[in-house]
Amino acid sequence: MSLFLCVDCGGSKTSAVIADRSGTILGRALGGPSNFAYMSAAAFTDAVRVAVSNALKTCVSPPSINPVSLPPNTEIFASAWFGISGVDSLAAIANASAALSALLRIPLGPRLVVANDTHLLAAPLRLHPDIKHAVAAIAGTGSCVVSFQHEPSGMLSELARTGGWGWILGDEGGGFHVGRETMRQMMYDAARSSLGMEPLPPSSLKAKVLERFGIEGVENAPEVLPVVHLPEPSTAEAAATVPSYLLVAREKRLSQLAPLVFEAAFKDKDPFALNVLKACAEGLADQIAMLSREPGEDPSLKPRAVEAKEAVLCFGGSLVGIEDYRVLIYEALAEKGHVFKYVEFVDDAAAVGAVGLASLGIGLVGKD
């Protein structure tokens with residue numbers, strides 16, 4: 001069976017799409033989170049297993065009611081492409097590849113492509129024959145920025161990368177950053193108040209955050225600090241005695257604030273929330289700019305940088321799926337002198353990847 005599998009593994013979900021050799025999508029399914037950096041190899045493999053086995057239900061003849069068992073009894077995939085959040089080193093790629101090879105019965109080698117999830121986002125570069133470079137920027141739960149060039153073989157090769165450092169050290173422009181910046185700005189405003197400075201206008205975002213954590217009165221905003229720093233309970237007995245928000249992992253307490261921020265900024269028109277998003281957009285724009293060459297800049301200073309005017313900027317992830325947020329990023333980039341020739345938002349990276357993989361025909365007899 002000549003099936004082409006693409007799986008987008010992220011911090012919130014796993015998306016698996018299967019296409020035939022003509023590029024027709026035959027099956028798709030979702031699974032739970034599969035960020036390789038935040039879970040064991042066994043948990044990662046289980047998340048992929050759920051998504052792929054369910055996607056296969058409509059690909060077998062006759063169609064199956066139940067998920068198709070993995071590993072398969074015979075080789076059913078011509079090739080597979082995995083874009084995995086948290087795979088940022090050769091060691092991580094090797095570990096993930098070994099697990100996936102065993103799960104899918106695809107031998108290690110060119111038929112099994114394992115890379116960071118930004119590689120899937122750069123696929124639109126193939127749609128623009130007049131350029132050879134792309135910058136892929138993910139901003140969902142976390143964030144990462146990677147630049148690519150189009151090789152004569154049709155494959156994309158990575159040029160440079162930044163970000164993807166996790167919720168403590170970075171993830172600029174992603175959900176972790178949005179939540180963290182909200183907390184930081186609330187603490188900054190509390191410091192202003194302690195100085196006796198002029199009171200700031202009411203903020204719908206501050207009210208939403210305080211309500212989320214059961215805190216009354218903006219003057220008590222510093223009480224959110226234990227919410228950020230306290231670890232989740234280690235025993236069932238302890239869990240029964242704490243508020244529900246403390247049962248959530250610390251990093252998720254931050255990233256889960258993102259919907260409140262976006263609602264306050266773009267629906268309520270809350271200036272405080274909009275300033276938070278502008279700061280986060282600026283952070284992501286800084287990382288995109290790091291991989292780009294400014295107009296007139298000496299190429300020898302950053303030999304592997306791309307020129308925005310001759311490249312495509314490919315966005316992916318839940319936060320940059322919001323057009324108003326992308327506009328803030330465009331504006332921040334323009335102020336830095338980086339205006340990309342093309343801009344694409346990849347809404348369904350796994351589908352784009354599966355169709356692209358089928359077009360290359362990797363793994364088909366006579367194509368290797």
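The side chain to side chain donor-acceptor pair (under 3.5 Å) search around Ser64 returns none, not counting sequence neighbours. Applying the side-chain contact (heavy atoms from CB on, under 4.5 Å) test to Ala249 and every residue at least two apart in sequence or in another chain returns Glu232, Glu251, Lys252.
In this structure, the side chains of Leu104 and Leu70 come closer than 4.5 Å at one or more pairs of heavy atoms. Counting heavy atoms from C-beta outward, Val50 and Asp46 have side chains that stay 4.5 Å or more apart. The shortest distance between side-chain heavy atoms of Leu100 and Ile84 falls below 4.5 Å. Between Ile131 and Phe340, every side-chain heavy-atom pair lies at or beyond the 4.5 Å cut-off.
For Thr14 against Ala47, the heavy-atom pair with the smallest separation is OG1-CB, 4.1 Å. Counting all heavy atoms, side chain and backbone alike, Ala221 lies closest to Met186 at CB-CE, 4.2 Å. The two residues Gly86 and Ala92 have their closest heavy-atom pair at O-CB, 4.5 Å. In terms of heavy-atom proximity, Asp117 sits nearest to Asp8 at CB-OD1, 3.8 Å. Considering every non-hydrogen atom in both Cys9 and Val48, the closest pair reads SG-CG2, 4.1 Å. Nearest heavy-atom pair across Tyr325 and Phe266 is N-CZ, 3.9 Å.
Taking CG of Leu301 as the reference point, atom CD of Glu294 lies at 10.0 Å (rounded to 0.5 Å). In this structure, CD1 on Ile18 lies 10.5 Å from SG on Cys6, to the nearest 0.5 angstrom. Here the CG atom belonging to Leu205 is positioned 11.0 Å from the CG atom belonging to Asn275, to the nearest 0.5 angstrom. Once rounded to the nearest 0.5 Å, the distance linking CD1 of Ile288 with CG of Leu313 reads 5.0 Å. Remark: Thr162 OG1 to Gln287 CD distance equals 4.5 Å, nearest 0.5 Å. Distance check: Glu310 CD to Arg293 CZ gives 11.5 Å after rounding to the nearest 0.5 Å.
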Indicate every side-chain donor-acceptor pair of residues 342-358 with a distance under 3.5 Å to a residue at least two apart or in another chain.
| from | atom 1 | to | atom 2 | distance (Å) |
| --- | --- | --- | --- | --- |
| Tyr342 | OH | Asp130 | OD1 | 3.3 |
| Tyr342 | OH | Asp130 | OD2 | 2.7 |
| Glu344 | OE2 | His128 | NE2 | 2.9 |
| Asp348 | OD1 | Ala351 | N | 3.4 |
| Asp348 | OD2 | Arg28 | NH1 | 2.8 |
| Asp348 | OD2 | Arg28 | NH2 | 2.9 |

Val178 and Leu277: CA distance, side-chain angles, deciding distance, side chain to side chain contact (heavy atoms under 4.5 Å, CB included) verdict:
CA-CA 7 Å; Val178 171; Leu277 291 184; 4.1 Å; yes

Stepwise salt bridge (charged side-chain N to carboxylate O under 4.0 Å, His left out) check, Arg180 with Asp171
CA-CA 10 Å; Arg180 187 174 67 239; Asp171 282 335; over 6 Å; no

Chi angles and distances behind the side chain to side chain contact (heavy atoms under 4.5 Å, CB included) call for Val224, Leu210
CA-CA 8 Å; Val224 301; Leu210 295 176; 4.0 Å; yes

Hey, mind stepping through Phe262 and Leu319 against side chain to side chain contact (heavy atoms under 4.5 Å, CB included) and telling me if it holds?
CA-CA 9 Å; Phe262 278 81; Leu319 296 199; 3.8 Å; yes

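Thr141 and Ser12 share a side-chain donor-acceptor pair at under 3.5 Å. Side-chain contact annotation: Glu158 with His119, donor-acceptor N/O pair under 3.5 Å present. Residues Arg192 and Tyr188 have side chains that never bring a donor and an acceptor to within less than 3.5 angstrom of each other.
Hydrophobic cluster membership differs between Leu200 and Leu274, with clusters built from Ile, Leu, Val, Met, Phe, Trp and Tyr side chains linked at under 4.5 angstrom. No path of Ile, Leu, Val, Met, Phe, Trp and Tyr side chains, each step under 4.5 Å between heavy atoms, connects Ile138 with Leu125, placing them in separate hydrophobic clusters.
Sparse packing is recorded around CD of Glu216, with 12 or fewer heavy atoms of other residues, nucleotides or ligands lying under 6.0 Å away. No more than 12 heavy atoms of other residues, nucleotides or ligands shown are found within 6.0 angstrom of CD on Glu211. Counting non-hydrogen atoms of other residues, nucleotides and ligands closer than 6.0 Å to NZ of Lys132 gives a total of 12 or fewer. Few gaps surround CG on Leu195; more than 12 heavy atoms of other groups in view lie less than 6.0 Å from it.
The backbone N or O of Ala78 lies less than 3.5 Å from no partner atom in the side chain of Ser2, so there is not a single donor-acceptor pair. Within the 3.5 Å criterion, the main-chain N or O of Ser97 finds no donor-acceptor partner in the side chain of Ser101. Under a 3.5 Å cut-off, the side chain of Arg304 and the backbone N or O of Ser147 do not form any donor-acceptor pair.
Salt-bridge annotation for Lys336 and Asp286: present, with a side-chain N of the basic residue lying under 4.0 Å from a carboxylate O of the acidic one.
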